[in-house]
Number of protein chains: 2
Amino acid sequence: MTTVLVVDDEPQIVRALRINLSARGYDVLTAYDGKTALRVAVDEKPDVVVLDLGLPDIDGVEVIAGLRGWTSMPIIVLSARTESVLKVEALDAGADDYVTKPFGMDELLARLRAAVRRATTQTVEDPIVTTATFTVDLAVKKVHRDGAEVHLTPTEWGLLEILARNPGRLVSQKQLLQDVWGPTHVGESQYLRVYLAQLRRKLEADPSRPRHLITEAGMGYRLEL
Amino acid sequence: MTTVLVVDDEPQIVRALRINLSARGYDVLTAYDGKTALRVAVDEKPDVVVLDLGLPDIDGVEVIAGLRGWTSMPIIVLSARTESVLKVEALDAGADDYVTKPFGMDELLARLRAAVRRATTQTVEDPIVTTATFTVDLAVKKVHRDGAEVHLTPTEWGLLEILARNPGRLVSQKQLLQDVWGPTHVGESQYLRVYLAQLRRKLEADPSRPRHLITEAGMGYRLEL
DNA sequence: GGCTTCCTTTACGCGTTCTTGATGCCGTGC
DNA sequence: GCACGGCATCAAGAACGCGTAAAGGAAGCC
């Protein structure tokens, strides 16, 4: 059975979700603030979290960070229409999907099913990402170029791993900084420039004209295959 | 069968809509004031609401707020030409579209169909939005036109993303400004003109006669598919 | 202790992007 | 017909973000 943790401070929303989810065979846990949510998540290990961003005690984004510190369980964010900046932050922080309040129950259920499906099938994924110039083996944490292994420092690997786990996708500076250097270093985009330059020097055929480690000015970076 | 709730205090308009909608196979509910409308909406859960802004008892915008508190059903606003401030407020409050009185029945029916279609297909959530001229991939943050990738600046992408996440739907200037430039820049509609012009130059076949990035004077913008 | 490796930090040049003001157009209302 | 508000377009300076190099410093290893 699938267990869902619902985190929201509005009782009527929690009630509505509990009724609908129970009726569809989910186990439902609830929490009305961030601290409780984090504790329940640790104790009960739900399969998926539905999280309202506007909590009374902790910022919703921090709750996501707190969860992402030890788990990759899917997180679906609920947010009001006007908080779109927050939504971006939430996704950067590691949320899987978001639903704008007010939401249709059908939509939420569909996204819930999709999130659970993704989480359960993800393990099968191919752990080797290949480009025309180099290959990244995510399972063994090794990079090869022209048959030879390329030595990367821990930080270099951390960056490349995130990009390789999102092949073709634009990854925001914030997410990269947060995942590699931690939440306190968000804003130090200079780090990214230095390390991307190093990665290019090691991996690109022509580092000054990168074909795979692409910069999207003002937004982030992308691993183009 | 699709159920439509018609809210208007002018009997002849209600009658005309009832006849036309019934003839096309819709179930029609009616209300002549805001309180009744809210009660009927709760009891009958229509699939879409057609709402006149000038009601005898409650302000139309408050009716929208009352609905949006618990449902995301589409709301199409009817309003007289002179109430343009109200119309913008209505969109910001969560209306999906508007039709100016006096209106053609064909136009209303078309918008009704579009609203219902959006509401029912929304759950599938295709991350790629396609028009006749270009495609927007929301997952990887890329735009293609005639097979080639089009480079967008962060601000251009921010605008296009919001429009693409509300395909076919009118997005108010206020919402665009708030989401892209932040709450302090609401009112700087000049930014919108400059950047919409840039987007059109990059994406429209004939930028001076846009087919997809549509201006709704005084209201906002719409991405027409 | 001395060495290497890696991380952090500063500085600078350069291209891109944003902002801002000016101008002309079009539709609406008077 | 005219004034007005909202819109489209253009242009130019300012501000910003990026890449690169290089030096100082911390941590680990022999």
Side-chain angles (χ1 to χ4, degrees), chain A residues 141 143 150-160 163 170-174 176-177 179-182 184-204 206-222, chain B residues 79-85 87-88 91 100-102 141 143 150-160 163 170-174 176-177 179-182 184-222:
Chain A
K141 294 189 189 286
V143 182
V150 179
H151 173 73
L152 296 186
T153 74
T155 307
E156 288 165 2
W157 171 259
L159 264 184
L160 184 60
L163 293 172
L170 174 55
V171 185
S172 72
Q173 300 196 358
K174 195 173 208 170
L176 291 169
L177 286 164
D179 288 4
V180 178
W181 281 272
T184 57
H185 289 70
V186 177
E188 309 259 10
S189 55
Q190 175 64 10
Y191 291 178
L192 292 178
R193 293 188 208 108
V194 172
Y195 277 93
L196 259 297
Q198 275 169 212
L199 282 173
R200 286 185 182 125
R201 216 176 301 137
K202 291 183 178 181
L203 299 177
E204 289 278 1
D206 181 355
S208 63
R209 299 174 157 275
R211 285 180 50 197
H212 304 295
L213 296 163
I214 307 296
T215 301
E216 299 279 0
M219 299 197 272
Y221 293 86
R222 176 201 309 278
Chain B
S79 77
R81 185 171 287 278
T82 49
E83 308 171 289
S84 79
V85 182
K87 284 190 285 190
V88 175
L91 287 173
T100 302
K101 283 185 184 179
K141 300 201 177 185
V143 181
V150 180
H151 175 74
L152 297 186
T153 73
T155 307
E156 289 165 2
W157 171 261
L159 266 183
L160 183 61
L163 293 172
L170 177 49
V171 184
S172 72
Q173 298 195 357
K174 186 175 177 183
L176 291 169
L177 286 165
D179 287 2
V180 177
W181 280 273
T184 56
H185 288 71
V186 178
E188 309 258 10
S189 54
Q190 173 66 6
Y191 290 177
L192 291 178
R193 295 190 203 107
V194 172
Y195 277 93
L196 259 296
Q198 272 168 214
L199 282 173
R200 287 182 182 129
R201 208 179 310 136
K202 290 184 177 182
L203 299 178
E204 290 277 3
D206 181 355
S208 62
R209 299 175 163 277
R211 286 180 50 197
H212 305 295
L213 296 163
I214 308 298
T215 301
E216 303 273 2
M219 308 275 103
Y221 294 85
R222 177 199 305 272

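What you see is a predicted model; the values in this text were computed from it and never measured. So you know, we letter chains A, B, ... as the sequences are listed, proteins then strands, and number each from 1.
- Under 4.0 angstrom from either OP1 or OP2 of C:dT9 there lies no side-chain N or O belonging to A:Tyr195.
- Of the candidates D:dG19, D:dG17, D:dA8, D:dA8 carries the atom nearest the B:Tyr221 side chain, counting heavy atoms from C-beta on.
- B:Gln198 comes within contact range of no nucleotide atom at all, as no heavy-atom separation falls under 4.0 Å.
- One finds no side-chain N or O of B:Arg193 lying less than 4.0 angstrom from the OP1 or OP2 phosphate oxygen of D:dA8.
- Residues B:Arg193 and B:Gln190 have side chains that bring a donor and an acceptor to within less than 3.5 angstrom of each other.
- For B:Tyr191, a side-chain nitrogen or oxygen approaches OP1 or OP2 of C:dT20 to under 4.0 Å.
- The backbone N or O of B:Leu213 sits less than 3.5 Å from a side-chain atom of B:Glu204, completing a donor-acceptor pair.
- Atom CD in B:Glu216 sits about 13 Å away from atom P in C:dT28, given to the nearest Å.
- For A:Lys174 (side chain) and A:Val186 (main-chain N/O), no donor-acceptor pair under 3.5 Å exists by modelled atom type.
- Whole-Å rounding puts the B:Leu159 CG to C:dC18 P distance at 10 Å.
- Rounded to whole Å, the distance from CD on A:Gln173 to P on D:dG17 is 8 Å.
- For B:Met219 and C:dG27, the CE to C1' distance is 15 Å, given to the nearest whole Å.
- Salt-bridge check for A:Glu216 with B:Lys141: failed, with every basic side-chain N at 4.0 Å or more from each acidic carboxylate O.
- Residue B:Thr155 places at least one side-chain N or O closer than 4.0 Å to OP1 or OP2 of C:dC18.
- A close approach under 4.0 Å does occur between a side-chain nitrogen or oxygen of A:His151 and OP1 or OP2 of C:dC6.
- Atom CD in A:Glu156 sits roughly 9 Å away from atom C1' in C:dC6 (whole-Å rounding).
- If you check D:dC10, C:dT17, D:dA8 against the side chain of B:Pro154, the one that comes closest is C:dT17.
- At the heavy-atom level, B:Ser189 lies nowhere under 4.0 Å from the strands shown.
- When rounded to the nearest whole Å, the span between CG of B:Leu176 and P of D:dC7 equals 12 Å.
- The phosphate of D:dG19 (OP1 or OP2) has a side-chain N or O of A:Thr215 nearer than 4.0 angstrom.
- Between B:Glu188 and B:Trp181 there is no side-chain heavy-atom pair separated by less than 4.5 Å.
- If you check every strand for non-hydrogen atoms under 4.0 Å, B:Gln190 touches a base.
- Between the CG atom of A:Leu199 and the P atom of C:dC7 there is a distance of 11 Å, rounded to whole Å.
- Taking 4.0 angstrom as the limit, A:Trp181 places a side-chain polar atom (N or O) nearer than this to OP1 or OP2 of C:dT8.
- The CZ atom of A:Arg201 sits 13 Å away from the P atom of C:dC6 (whole-angstrom rounding).
- Taking the side chain as every heavy atom from C-beta outward, B:Thr215 and B:Leu196 never approach each other to under 4.5 Å.
- When heavy atoms are screened at a 4.0 angstrom cut-off, A:His185 is found touching no nucleic acid atom at all.
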